[in-house]
Number of protein chains: 2
Amino acid sequence: MLQKLKATPPQTLPERLDNSLNNLVGYVMRRVQIRITQDLTNRLEEHDIRPAQFAALTIIEQSPGLMQADLAKTLAIEPPQAVLMVNKLEARSLAMRIRSNPDKRSYGLFLSKTGEQLLKQLRDVALESDLNATSALTSDEREQLLTLLNKLYGDK
Amino acid sequence: MLQKLKATPPQTLPERLDNSLNNLVGYVMRRVQIRITQDLTNRLEEHDIRPAQFAALTIIEQSPGLMQADLAKTLAIEPPQAVLMVNKLEARSLAMRIRSNPDKRSYGLFLSKTGEQLLKQLRDVALESDLNATSALTSDEREQLLTLLNKLYGDK
DNA sequence: TATTGTTATACTCTATAACTATA
DNA sequence: TATAGTTATAGAGTATAACAATA
């Protein structure tokens with residue numbers, strides 16, 4: 001009898017707050033993110049490009065002449081990592097370092113013509129991959145997701 | 001004149017479809033995910049526990065007696081990785097392998113009393129971290145995000 | 001023969017310290 | 001002295017091949 005009275009206790013906590021990992025945004029997001037990245041990695045593989053390299057090419061195109069330090073900060077990687085990344089892009093003649101600044105310690109980073117042309121293709125590949133990896137969502141839901149994610153990242 | 005007539009072309013593509021990385025769910029999600037994981041890693045550090053170990057403890061608690069192969073599959077890691085993980089948990093007496101199955105090749109994995117008690121604390125830490133890392137969202141928005149993420153992961 | 005768990009190994013990604021050349 | 005870029009190195013995390021014990 002007493003037990004029955006307690007069967008529906010006041011729901012003070014949000015519905016999802018049980019003991020499962022599925023209620024942690026970080027955990028669920030990690031699983032999803034791994035899957036999305038895998039799809040992109042596979043598709044970029046035939047161009048011998050890693051997702052991070054694609055991001056670097058995009059950033060250089062959007063801010064031609066930027067310094068390596070700026071590239072590192074934008075990609076949230078350490079300067080030594082940026083060196084290796086730019087080395088590879090330069091070795092493939094996709095981007096180049098040019099000593100153009102008044103400060104002769106720094107380089108300006110630019111895309112080559114080849115880099116621009118490749119990036120144009122990669123953009124299509126990346127968008128197709130991203131739409132495919134999120135095809136379980138409607139177009140509206142995908143927009144909502146992007147809005148929520150950008151809101152989470154917004155106030156760095 | 002002609003230009004003016006073309007000024008507002010039919011909007012066939014979604015609004016966000018420009019050339020930016022910010023329109024790729026995978027890219028934006030990666031940045032967010034790194035930040036959330038960093039917060040959790042920092043908070044678990046004082047317990048000398050990595051996020052993956054926390055997940056392993058949770059899974060073992062939810063399915064006591066499971067085999068290492070099952071743990072590996074649930075965590076989406078390779079069997080050799082599961083070995084190292086269970087080794088560490090066992091070395092700290094948080095979990096244990098018990099030859100309980102009819103199939104004598106496999107172990108059953110169980111939490112120790114210590115493991116259960118620690119996990120109880122870790123759950124609070126993890127939830128607090130997750131809520132903190134998503135504090136830019138309202139409670140409703142966070143639920144929306146979880147729903148969208150689970151929808152993305154749903155049909156494995 | 002196939003499977004569970006294991007060992008050994010290697011490859012990627014990432015982080016830090018120390019060096020160089022300019023400022 | 002401080003900063004941009006670089007080198008060297010080490011630590012995670014992850015993936016694969018090969019082996020032992022059991023099925």
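The figures here come from the full heavy-atom set of this structure, side chains too, leaving out hydrogens, waters and symmetry mates. In what follows, chains are A, B, ... by sequence order, proteins preceding strands, each numbered from 1.
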Separation of Gln38(A) atom CD from dA15(D) atom C1', in whole Å?
11 Å
Taken to the nearest whole Å, NZ/Lys88(A) to C1'/dC11(C) is 11 Å
Classify the side-chain pair Glu143(B)/Thr147(B) by whether it contains a donor and acceptor separated by less than 3.5 Å.
no
Among the candidates dG5(C), dT16(D), dT6(D), find the nucleotide nearest to the side-chain atoms of Tyr107(B).
dG5(C)
Result for 5'-nearest mapping on DNA chain C, choosing between Ala52(A) and Ala82(B), is Ala82(B)
Base, sugar-phosphate alone, or nothing: which one does Pro102(A) contact when heavy atoms must sit under 4.0 Å apart?
sugar-phosphate
Measure the distance from CD on Glu90(A) to C1' on dG5(D) and round it to the nearest whole Å.
13 Å
What nucleotide among dG13(D), dT7(D), dT6(C) has an atom nearest to a side-chain atom of Val83(A)?
dT7(D)
Contact class for Gln68(A) (heavy atom, under 4.0 Å): base, sugar-phosphate, or nothing?
sugar-phosphate
Atom CG of Leu71(B) to atom C1' of dT6(C): distance rounded to whole Å?
15 Å
Atom-pair distance (CD on Glu78(B); P on dA8(C)), nearest Å
19 Å
Pair Arg43(A) + Asp39(A), salt bridge at N-O below 4.0 Å:
yes
Between C1' of dA12(D) and CD of Gln53(B), the distance in whole Å:
12 Å
Ranking Arg30(A) and Pro80(A) by the position along DNA chain D of their nearest nucleotide, the one closer to 5' is Pro80(A)
Is the backbone of Arg142(A) close enough, under 3.5 Å, to the side chain of Thr134(A) for a donor and an acceptor to pair up by distance?
no
Toward the 5' end of DNA chain D, by each residue's nearest nucleotide, Leu84(A) or Asp103(B)
Leu84(A)
Roughly how many Å is it from CG in Asp48(A) to P in dT12(C), rounded to a whole number?
11 Å
Salt bridge present between Glu78(A) and Lys73(A) (N-O < 4.0 angstrom):
no
Think Arg105(B) has a side-chain N or O under 4.0 angstrom from the OP1 or OP2 of dA2(C)?
no
Closer than 4.0 Å, any side-chain N/O of Arg50(B) to the OP1 or OP2 of dG11(D)?
no
Short side-chain N/O contact from Arg99(A) to OP1 or OP2 of dG5(D), under 4.0 Å:
no
If I take atom CD in residue Gln81(A) and atom P in nucleotide dA17(C), what distance separates them, rounded to the nearest angstrom?
16 Å
For Leu40(A) and Asp130(A), run side chain to side chain contact (heavy atoms under 4.5 Å, CB included): C-alpha distance rounded to whole Å, both residues' side-chain angles, the deciding distance at 0.1 Å, then the answer.
CA-CA 7 Å; Leu40(A) 179 61; Asp130(A) 206 73; over 6 Å; no
